[in-house]
Amino acid sequence: MKTSAFHLATQREVPADAEIVSHQLMLRTGMIRKLTSGIYTWTPLGLKVLRKVEQVVREEMDRSGSLEMLMPSVQPAELWQESGRWDDFGPLLLKMADRAGREFAFGPTHEEVITEFARAEIRSYKQLPICFYQIQTKFRDEIRPRFGVMRAREFLMKDGYSFHMDEACLGRFYQVMFDTYTRIFERLGLEFKAVEADSGAIGGAVSHEFHVLADSGEDQIAHVPGSRYAANVERAEAVAEGEANAPQENLQLVDTPDARTIADLVKQFDVPIEKTIKTLVVEASRSSGQALVALLLRGDHELNAVKAEKHPDVASPLRMATEEEIRDAIGAGPGSLGPFRLPIPCIADRQVALMSDFAAGANSDGQHYFGLNWGRDVALPRTADLRNVVAGDPAPDGSGALELLRGIEVGHIFQLGRKYSEAMNAVVMDENGRAVHPAMGCYGIGVSRIVAAAIEQNHDDNGIIWPEPMAPFDIMILPLNGHKSHRVRELAEKFYGELRAAGREVLLEDRNLRAGVMFADAELIGLPHQLVIGDRGLDKGVVEYRRRGGESREIAIDDAVGILTVD
RNA sequence: CGGGGUGUAGCGCAGCCUGGUAGCGCAACUGCUUUGGGAGCAGUAGGUCGCAGGUUCAAAUCCUGCCACCCCGACCA
């Protein structure tokens, strides 16, 4: 491809509403253009990248024995009413009506459609196991789309669904998918990590997420370097460390008029933060028979909402009590709460149970207790895992100390079980002629998100540094002053022809740009290999080879094509 | 949906407070010069100032309503 004939629409200035670097670079390179909030056009340049990702995904899914198909993006409401998700999915569903007033949704995922398909097509255990997948445009009416295609409303996703007679078979295929995903991200040249995950709203027991590692990632991952343990922080079990010590200090009530937060307390009273307890009041579950419940955490720890709302006595979704509710129930404001003489039930984090001689609010405004101890002063409440793990915590499997990484979720695999096959009554006949509900797995990859994540992981101040398997072209030829110098132009054309004949995808810069503009554009677009041809080099019989983000050296003219066609 | 913010040329912005001629940089187009790291000079073109209503002799500017977009929070590939 020649740049003069390609729609290369690079921009020098950073668009004002692009917050993260991948979004900025995708706009500046002209890979995408926003049509409206969360909805983007992929330009020829962007689409080339998207297709490369898609193709790797397709090849590896095919290799796994999964069968590609294409389901409709518009789905009838009845199907969603049948699974119960017409309402459950709520505002995330983009709903519409046809001329007859019949309701439809633009598919945010395809469990209903595939289950409907399977119940019609799959009748016998002899047809199982089987896995169907598609690469399809989805629409989720996200409350707040952001970061370009990273969290768009319309996006491209690979979704796969497998059907099995029993859990053992599902478990085996799940492992095949795990390995397939690993191959996909390896082939794409991305640094990634597979982690244990919370299965969230989709349901099911076993679940793993695949994250592209990047400092700007929205998810936190806990892992032990060199061990197999890795989990999303949402899920990573926090193990209490150390043992309970006997009381050393006497209980004392202290006036703390200016200490409304743990930070104030630490600063004003010179108490180590590890010796403080914070008390968070949240709405209690209906089944607990209470209105509110207090959660106790060590001062430097953070509440994990996913864990908290799984507790039977905590309302789900989690809701923090208002100041008014707290005052009504306890008689003190949120800055002065603690377990001592607390009039509402409480649950302590596991680590809290091991604390001694600690400080906490006195349930009276402007007062705290110091030197509190379990047993002696307050009965130890029920304990639970309520907090986020922090770096240095022991891993739950005993493999070592946790480190935290940031990641972008690009893949998620689930063992769904029979949730959908039962809800929608998909059955197959087993060997004994009995109708059974098949077990299902579901496997997603955010294809368009991968493009943004790859940029997030691979860029510098000058632009994108494409991993070779995702690059829109392999090689960029940069003829300097080509419109004046015949020999530069001719050599550029010669390389262009020969490299293309050798199967490389080549972009020839033939727009007669100044050197600076040409280099700046080439680096912005970020193709892995650049070949710079100039009169200065030709006098010496050389051209310049540059690896984007790496080396730069002069090579003999006759060696150039050979060097660039070695894999 | 709650909180905050912004809508002026393709992109980035000024002008608004204190009403009166719509402006700057980049990009685009033409010509000449320049040409190994985002050139110079000269010229050209491009605007329902988000939309609707109101106040006024006069509205980008003041008032009211609406819409869109962005940021922070709860959700997700």
Side-chain angles (χ1 to χ4, degrees), chain A residues 9-20 23-24 27-28 30 33-39 53 57 88-92 108-110 135-160 181 197-202 209-212 218-219 232 234 305-306 309 316-320 407-414 442-453 462-463 478-485 488 512-524 530 532-538 543-544 546 552 554:
Chain A
T10 55
Q11 284 175 190
R12 188 169 169 180
E13 295 192 47
V14 180
D17 55 9
E19 200 73 3
I20 59 168
H23 188 194
Q24 292 171 355
L27 289 169
R28 288 188 57 209
R33 293 292 181 224
K34 183 171 75 179
L35 183 60
T36 184
S37 181
I39 301 183
V53 176
V57 171
D88 286 359
F89 231 85
L92 226 52
T109 176
H110 282 70
I135 297 173
Q136 239 273 26
T137 296
K138 312 276 194 204
F139 195 99
R140 293 183 190 172
D141 196 1
E142 293 282 345
I143 299 158
R144 185 150 96 88
R146 61 184 126 172
F147 303 149
V149 299
M150 188 77 88
R151 186 190 305 228
R153 293 196 289 175
E154 185 175 293
F155 58 101
L156 191 66
M157 180 176 175
K158 185 286 296 178
D159 50 328
Y181 274 40
D198 185 77
S199 53
I202 296 181
E209 292 168 350
F210 287 76
H211 287 259
V212 167
E218 288 193 273
D219 283 303
N232 194 310
E234 280 179 355
V306 173
E309 65 191 26
S316 177
L318 188 74
R319 185 181 70 82
M320 301 299 288
I408 299 164
E409 185 185 355
V410 291
H412 203 157
I413 58 179
F414 301 87
C442 98
Y443 318 96
I445 287 183
V447 176
S448 45
R449 179 180 280 184
I450 285 175
V451 176
N462 296 322
L478 303 173
L480 294 169
N481 209 12
H483 60 299
K484 284 281 177 64
S485 170
V488 165
N512 302 337
L513 300 175
R514 303 174 64 82
V517 178
M518 204 179 263
F519 290 140
D521 253 10
E523 268 151 41
L524 181 59
Q530 297 168 12
V532 183
I533 305 168
D535 277 314
R536 218 160 68 186
L538 295 192
V543 293
E544 185 179 341
R546 298 178 175 194
S552 170
E554 293 187 334

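In the text below, chain A, chain B and the rest are named by the order of the sequence lines, each starting its count at 1.
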K.L.:
Are OP1 or OP2 of B:C69 and a side-chain N or O of A:T36 less than 4.0 angstrom apart?
P.N.:
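For A:T36, the contact criterion (side-chain N or O under 4.0 Å from OP1 or OP2 of B:C69) is met.
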K.L.:
Using the side-chain heavy atoms of A:R12, tell me which of these nucleotides is nearest: B:G37, B:C76, B:A27.
P.N.:
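For A:R12, the side-chain atoms sit closest to B:A27.
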K.L.:
Nearest of B:G38, B:U35, B:C76 to any side-chain atom of A:N481?
P.N.:
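Closest nucleotide to the A:N481 side chain: B:U35.
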K.L.:
Taking atom C1' in both B:U56 and B:U64, compute the distance separating them and give it to the nearest angstrom.
P.N.:
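My reading of the C1' atoms in B:U56 and B:U64 gives 16 Å.
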K.L.:
With respect to the side chain of A:M157, which nucleotide from B:G38, B:A77, B:G25 is positioned closest?
P.N.:
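That would be B:A77.
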K.L.:
When you compare B:U21 with B:A60, how far apart are their P atoms, in angstrom units rounded to a whole number?
P.N.:
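Here B:U21 and B:A60 have their P atoms 8 Å from each other.
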K.L.:
In whole angstrom, give the distance that lies between atom NZ of A:K138 and atom P of B:C75.
P.N.:
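Nearest whole value for this atom pair: 22 Å.
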K.L.:
Pick the C1' atom in B:C17 and in B:U61, then give their distance to the nearest Å.
P.N.:
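Result for the C1' pair: 9 Å, nearest Å.
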K.L.:
Per the side-chain contact (heavy atoms from CB on, under 4.5 Å) rule, which among A:V212, A:V149, A:I445 passes with A:I450?
P.N.:
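Only one of A:V212, A:V149, A:I445 forms a side-chain contact (heavy atoms from CB on, under 4.5 Å) with A:I450, namely A:I445.
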K.L.:
Between A:D141 (CG) and B:C1 (P), how many Å, whole number?
P.N.:
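It is 11 Å, rounded to the nearest whole Å.
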K.L.:
Does the ring of A:F519 meet both stacking tests against the six-membered base ring of B:G36: centre distance under 5.5 Å and plane angle under 30°?
P.N.:
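The base of B:G36 is not stacked with A:F519 (the test needs centres under 5.5 Å and planes under 30°).
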K.L.:
Just checking A:G534: base, sugar-phosphate only, or nothing, at a heavy-atom cut-off of under 4.0 Å?
P.N.:
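It contacts base atoms.
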K.L.:
If you only use heavy atoms from C-beta on, which nucleotide in B:C70, B:C76, B:G36 is closest to the side chain of A:D219?
P.N.:
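Side chain of A:D219 sits closest to B:C76.
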K.L.:
Is A:A452 touching bases, backbone alone, or none of the nucleic acid, heavy atoms closer than 4.0 Å?
P.N.:
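The residue A:A452 makes no contact with any strand.
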K.L.:
Is a donor-acceptor pair below 3.5 Å formed from side chain A:Q11 to base B:G10, judging by atom type as modelled?
P.N.:
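Between B:G10 and A:Q11, which were checked side chain against base, a qualifying N/O pair under 3.5 Å is absent.
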K.L.:
Find the partner of B:A59: check Watson-Crick (N1-N3 plus N6-O4 or O6-N4) and G-U wobble (N1-O2, O6-N3) distances, both under 3.5 Å, and reply none if neither fits.
P.N.:
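WC or wobble partner does not exist here.
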K.L.:
Can you tell me, in whole Å, how much space there is between the P of B:G7 and that of B:G50?
P.N.:
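The answer is 8 Å between these two P atoms.
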K.L.:
Using atom CZ of A:R144 as one end and atom P of B:G3 as the other, report the distance to the nearest whole Å.
P.N.:
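Distance check: A:R144 CZ to B:G3 P gives 15 Å.
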K.L.:
Among B:C75, B:G36, B:C69, find the nucleotide with the atom closest to the side chain of A:A515.
P.N.:
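The closest nucleotide is B:G36.
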K.L.:
Can you measure A:R319 atom CZ to B:A74 atom P for me and round it to whole angstrom units?
P.N.:
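To the nearest whole Å, that distance equals 16 Å.
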K.L.:
Give A:H23 one of three labels, base, sugar-phosphate or nothing, depending on what nucleic acid heavy atoms sit under 4.0 Å from its own.
P.N.:
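The residue A:H23 makes no contact with any strand.
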K.L.:
Using a 4.0 Å heavy-atom cut-off, does A:R28 contact any base of the nucleic acid, only the sugar-phosphate backbone, or nothing at all?
P.N.:
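Answer is base: heavy atoms of A:R28 come under 4.0 Å of a base.
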K.L.:
Heavy atoms from C-beta onward define the side chain here; which of B:A77, B:G37, B:G38 lies closest to that of A:F414?
P.N.:
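Out of B:A77, B:G37, B:G38, the nucleotide with an atom closest to A:F414's side chain is B:A77.
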K.L.:
Taking atom P in both B:C67 and B:C51, compute the distance separating them and give it to the nearest angstrom.
P.N.:
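Per the computed distance, 15 Å lies between those P atoms.
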K.L.:
Which whole number of Å gives the distance between the C1' atom of B:A59 and that of B:C49?
P.N.:
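Comparing C1' positions in B:A59 and B:C49 gives a spacing of 11 Å.
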K.L.:
Within the 4.0 Å heavy-atom criterion, would you say A:D521 contacts the bases, only the backbone, or no part of the nucleic acid?
P.N.:
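It contacts base atoms.
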K.L.:
Applying a 4.0 Å non-hydrogen cut-off, can you work out what A:E19 is touching in the nucleic acid: base, sugar-phosphate, or nothing?
P.N.:
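Sugar-phosphate contact only - A:E19 comes under 4.0 Å of backbone atoms but never of a base.
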K.L.:
Considering every strand and a 4.0 Å limit on heavy-atom distances, what is the contact class for A:V447: base, sugar-phosphate, or nothing?
P.N.:
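Nothing, no heavy atom under 4.0 Å.
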K.L.:
Check whether any side-chain nitrogen or oxygen of A:K34 sits under 4.0 Å from OP1 or OP2 of B:C70, and answer yes or no.
P.N.:
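True: A:K34 side-chain N/O within range (under 4.0 Å) of B:C70 OP1/OP2.
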K.L.:
Which is true for A:V410 with a 4.0 Å heavy-atom rule: it touches a base, it touches only sugar-phosphate, or it touches nothing?
P.N.:
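Counting heavy atoms under 4.0 Å across all strands, the contact made by A:V410 is with sugar-phosphate only.
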K.L.:
With respect to the side chain of A:V532, which nucleotide from B:C75, B:G36, B:A77 is positioned closest?
P.N.:
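Among the listed nucleotides, the one closest to the side chain of A:V532 is B:G36.
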K.L.:
Is there a side-chain polar atom (N or O) of A:S448 under 4.0 Å from OP1 or OP2 of B:A77?
P.N.:
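Answer is no, no contact under 4.0 Å.
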K.L.:
Write down the distance separating the P atoms in B:A9 and B:G5, rounded off to the nearest Å.
P.N.:
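About 23 Å, rounded to a whole number of Å.
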K.L.:
What nucleotide among B:A77, B:G36, B:G12 has an atom nearest to a side-chain atom of A:F155?
P.N.:
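So the nucleotide nearest the side chain must be B:A77.
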K.L.:
With distance as the sole criterion, do the side chain of A:R514 and the base of B:A39 form a donor-acceptor contact below 3.5 Å?
P.N.:
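Such a pair exists between side chain and base.
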K.L.:
Is there a side-chain contact between A:E19 and A:M150 in this structure, where contact means two heavy atoms from C-beta onward sitting under 4.5 Å apart?
P.N.:
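Contact flag for A:E19/A:M150 side chains = no.
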K.L.:
Rounded to whole Å, please give me the gap between CG in A:L35 and P in B:C69.
P.N.:
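So the two atoms are 10 Å apart, to the nearest Å.
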K.L.:
Ignoring backbone atoms, establish whether A:R146 has a side-chain N or O less than 4.0 Å from OP1 or OP2 of B:C72.
P.N.:
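Yes, A:R146 has a side-chain N/O under 4.0 Å of OP1/OP2 on B:C72.
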K.L.:
Determine which nucleotide pairs with B:G65, using a 3.5 Å limit on both distances of a Watson-Crick or G-U wobble pair.
P.N.:
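Looking at the geometry, B:G65 pairs with B:C51.
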K.L.:
Taking the nucleotide of RNA chain B with the nearest heavy atom to each, does A:E544 or A:F210 sit closer to the 5' end?
P.N.:
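It is A:E544, whose closest nucleotide lies nearer the 5' terminus.
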K.L.:
Between B:U35, B:A77, B:C70, which nucleotide has the shortest distance from any of its atoms to the side chain of A:K484?
P.N.:
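Within the option list, the nearest is B:U35.
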K.L.:
Rounded to whole angstrom, note down the C1' distance from B:A22 over to B:G46.
P.N.:
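So the two C1' atoms sit 13 Å from each other.
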K.L.:
What integer distance in Å separates A:Q24:CD from B:G12:P?
P.N.:
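To the nearest whole Å, that distance equals 12 Å.
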K.L.:
Under 4.0 Å, heavy atoms only, any strand: does A:E409 hit a base, just the sugar-phosphate, or nothing?
P.N.:
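Sugar-phosphate contact only - A:E409 comes under 4.0 Å of backbone atoms but never of a base.
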K.L.:
So which one's nearest nucleotide on RNA chain B is more toward 5', A:A16 or A:H483?
P.N.:
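Closest to the 5' end, via its nearest nucleotide, is A:A16.
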K.L.:
Over how many whole Å does the gap from A:L27 atom CG to B:C70 atom P extend?
P.N.:
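The answer, rounded to whole Å, is 11 Å.
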K.L.:
Applying the Watson-Crick and G-U wobble criteria at under 3.5 Å, what pairs with B:C41? Answer none if nothing qualifies.
P.N.:
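Partner of B:C41: B:G31.
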